[in-house]
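See below for the structure under consideration.
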Amino acid sequence: MSATKQGLIAALKQCAVLMEVSGENPFRCRAYEQGARVIEGLEGEPADWIEQGLLAKTKGIGKGLGEKIEEWVESGRLEMLEELQRKVPAGLLEIENIPGVGPKKTKLLWGEMGIDTLEKLEAAAGDGSLAELPGFAKRTAEKILAGIEQRRRYSERHSLELATLAAKAILERLRPLPRIGRIELAGSLRRSRETVKDLDIVATSTDPKPVMRAFVETPGVESVIAHGETKSSILLEGGLAVDLRVVEADQFAAALNYFTGSKQHNTALRARAKRMGYKLNEYGLFPDTDKSNLKPLPTPDEAALYAHLGLACIPPELREDMGEIEAAEQDNLPELLTSAQMIGVLHCHTNYSDGRNTLIEMATACHEAGYKYLGVCDHSQTAAYAGGLKPEDVARQWDEIDRLNTKFKGFRILKGIESDILADGSLDYEDDLLEGFDLVVVSIHGGMNMGEGEMTDRICRALEHPATTILGHPTGRLLLRREPYAVDLERVLETAAKHRVVVEINANPWRLDLDWRWIRRARAMGCRFAINPDAHDTAGLKHIPLGVGIARKGWLGPKDVINTKPLNAFKSWLDKRKTSKRIEEAAAHES
DNA sequence: GCCGTTTTCGGCCCGACTGTTTTCAGTCG
């Protein structure tokens, strides 16, 4: 992602928050927020949009935002943002971020008491002086102190590793309760977002009180944020918040839909409902036109709800207001990949390099989980920190693979490697050795601080190598821990498509890389994908469904993903690919 | 600031919970 577009998005988002805090018209703030989101989904660079006259046709970008974008392209600055920054102290953004404190309270704290940093707020909440403000009493001060403490201790979002485990535990605790009917996970986890802020659970019960009590008494609860008849919230140790909503049985589909979101999808859905003469909320779809008739339309499930709105049922992963409603309207939703369609496991490590299990343990685990092949891809020799394989280790591993393959029935181990992409873009072994692998994943593991141009050249050169099969974790990000390295993904994906290099969707919950927002774009460019666990032990195989979720979020079907191929088809696909690469190479040499 | 086959002005999703209040504003999702 280029700095220009990203910078613009960040600038607009910051405008929105600063305007909110300074008491600007909330709808104007929202327009900025919305505008930032809209351009996030636009392809190419801001300069191109202007040149192509794209902005005038883009919903959500009007005259005002269009001018801001032009200003950004021409000068790289936004006068308005700089003015807001002069006017509004940076600390107010942190204050506004504290749970229970919104723009109004922030403005009051600043205007009445001159509080513009977390430290000042903490002091005022501690010594009781906050009580002078209207609407601020003892509980508010306590909540603020707890909120500051929590923000210090925990980051805002959580990995899917933690979130999926917590969700499973809570559902298993509540599901067997006597008066509970249906209970489902909603929220961003149901939509397969790559990280989550909190968990949302929706249930039906004829007697919500004991359900709520069991919920707030869940083991591992650090505090109870709210405890009501229909809604309760808890904070788990580790900082993950969980909301539970209990609704009537006939409200379940509407509530599940509402709490699954996304917010943007909901907003669009409600606007559509309104246009059709309905009112949509978490309790149902109501015929708004007749005020005396308040019975909701029957919605036994989400499909029925969407059907009333003239839409095919939209899978949760697609509900991001990124074209799914239009597709559902035209009955043009994609046929999405499922976990059951994953047949082969690629890119796994063993104790030949930095994995924790042996080759046979990894292969057995794959076999027992129902997969038909394992492409083992240990680290290459330069990755000394990870015990990368010297050529003699490769030979040793190949021997073992050959031996094991005579013993498995209906399962095969393929000879792969995860080759470091060296600083100059070359791969980590001599070509003769590389030729011998069934598949070669190429990845960046060091030298991540290169400039964007150099890094992009480096990766593209590796993609041009005839032995390269798959580009591993294309941006190198570690979610919530490390930003992606600087790289022009557009050019990388173009190069991958041109050389028929498969793009990895790394299923490790800290990576989930390629990012789902890029997947549709990459597919349109002609890329194909592999969903790989990058497992370093047998437990890591459980991450494959997370990668499938990300692929679904990127609108991918089984045909887009190479490891949905049965073993023989996959083998012949690899062989054909190798042969044609050889022919291409020979032709290139001759000319 | 955006938008329009009811509209170029006047809307902009909507409801629960909390804390502070005697009827509601702010926050959150």
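Just so it is clear, the structure is predicted and the values come from calculations on it, not from any experiment. A note on names: the letters A, B, ... follow the listed sequences, proteins ahead of strands, and every chain is numbered from 1.
If you measure from atom CG of A:Leu244 to atom P of B:dG29, you get 15 Å, rounded to the nearest angstrom. Spacing between atom CZ of A:Arg30 and atom C1' of B:dC2 amounts to 10 Å, rounded to whole angstrom units. Rounded to a whole Å, the CG atom of A:Leu189 is 16 Å from the P atom of B:dG29. Between the CD1 atom of A:Ile144 and the P atom of B:dC28 there is a distance of 11 Å, rounded to whole Å. Whole-Å rounding puts the A:Gln264 CD to B:dC12 C1' distance at 15 Å. Computed from coordinates, the A:Met276 CE to B:dT6 P distance equals 13 Å when rounded to whole Å. The distance between atom CG of A:Leu285 and atom P of B:dC14, rounded to the nearest whole Å, is 13 Å. Between A:Arg275 atom CZ and B:dC3 atom C1' the separation is 11 Å, expressed in whole Å.
Spacing of C1' atoms, B:dC9 relative to B:dC14, comes out at 23 Å, to the nearest Å. Between B:dC12 and B:dC17, the two C1' atoms lie 24 Å apart (nearest whole Å). Distance check on atom C1': B:dT20 versus B:dT27 gives 14 Å, rounded to whole Å. One C1' atom belongs to B:dG11, the other to B:dT6, and the distance between them is 13 Å to the nearest Å. B:dT8 sits 10 Å from B:dC3 when the C1' atoms are compared, rounded to a whole Å. B:dT18 and B:dT23 are spaced 15 Å apart, taking the C1' atom of each and rounding to whole Å. Using P as the reference atom, B:dC2 and B:dT7 are 22 Å apart when rounded to the nearest Å.
If you check every strand for non-hydrogen atoms under 4.0 Å, A:Ile61 touches sugar and phosphate atoms only. Residue-level contact check: A:Asn266 touches neither bases nor backbone, having no heavy atom under 4.0 Å from any strand. Across all strands, A:Pro26 comes closer than 4.0 Å to no nucleic acid atom at all (heavy-atom distances). A:Ile98 comes within 4.0 angstrom of sugar-phosphate atoms only, judged by non-hydrogen atoms across all strands, and of no base. Contacts of A:Lys197 with the nucleic acid, taken as non-hydrogen atoms under 4.0 Å apart, involve only primed sugar atoms and P, OP1 or OP2.
Mapping A:Asn97 and A:Gly60 onto DNA chain B via the closest heavy atom, the residue that lands nearer the 5' end is A:Gly60. Both A:Ala31 and A:Gly102 lie near DNA chain B, and the one whose nearest nucleotide falls closer to the 5' end is A:Ala31.
With a 3.5 Å ceiling on both atom-pair distances, the Watson-Crick or G-U wobble partner of B:dA25 is B:dT18.
Using modelled atom types, one finds no donor on one side chain facing an acceptor on the other under 3.5 Å when comparing A:Ser205 with A:Arg179.
Looking at A:Glu320 and A:Arg37, no side-chain N of the basic residue comes within less than 4.0 Å of a carboxylate O on the acidic one, giving no salt bridge. Under the 4.0 Å criterion applied to side-chain N and carboxylate O atoms, A:Arg139 and A:Glu142 are assigned as salt-bridge partners.
A donor-acceptor contact shorter than 3.5 Å links the side chain of A:Arg477 to the backbone of A:Leu512. Without hydrogens or angle criteria, A:Arg523 side chain to A:Asp560 main chain gives no donor-acceptor distance under 3.5 Å.
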Exercise for review: Determine, for nucleotides 15-25 of chain B in 5'-to-3' order, which nucleotides have protein heavy atoms under 4.0 Å from the base (write B), from only the sugar-phosphate (write S), or from neither (write -).
Suggested key: SSSSSS-----

Exercise for review: Show the numbers, then the answer: is there a salt bridge (Lys or Arg N to Asp or Glu O under 4.0 Å) between A:Arg190 and A:Glu184?
Suggested key: CA-CA 9 Å; A:Arg190 184 171 181 234; A:Glu184 291 291 339; 5.8 Å; no

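Residues A:Leu546 and A:Ala507 come closest through the heavy atom pair CB-O, 3.9 Å. Closest heavy-atom contact between A:Val242 and A:Ile201: CG1-CD1, 4.0 Å.
Taking every side-chain heavy atom of A:Lys274 into account, B:dC12 is the closest of B:dG29, B:dG1, B:dC12.
With sequence neighbours excluded, the residues that form a salt bridge (charged side-chain N to carboxylate O under 4.0 Å, His left out) with A:Arg28 are A:Glu24.
Remark: the A:Asp243 side chain and the B:dG29 base include no donor-acceptor N/O pair separated by less than 3.5 Å.
Taking syn as a glycosidic angle within 90° of 0, B:dT22 does not qualify and is anti.
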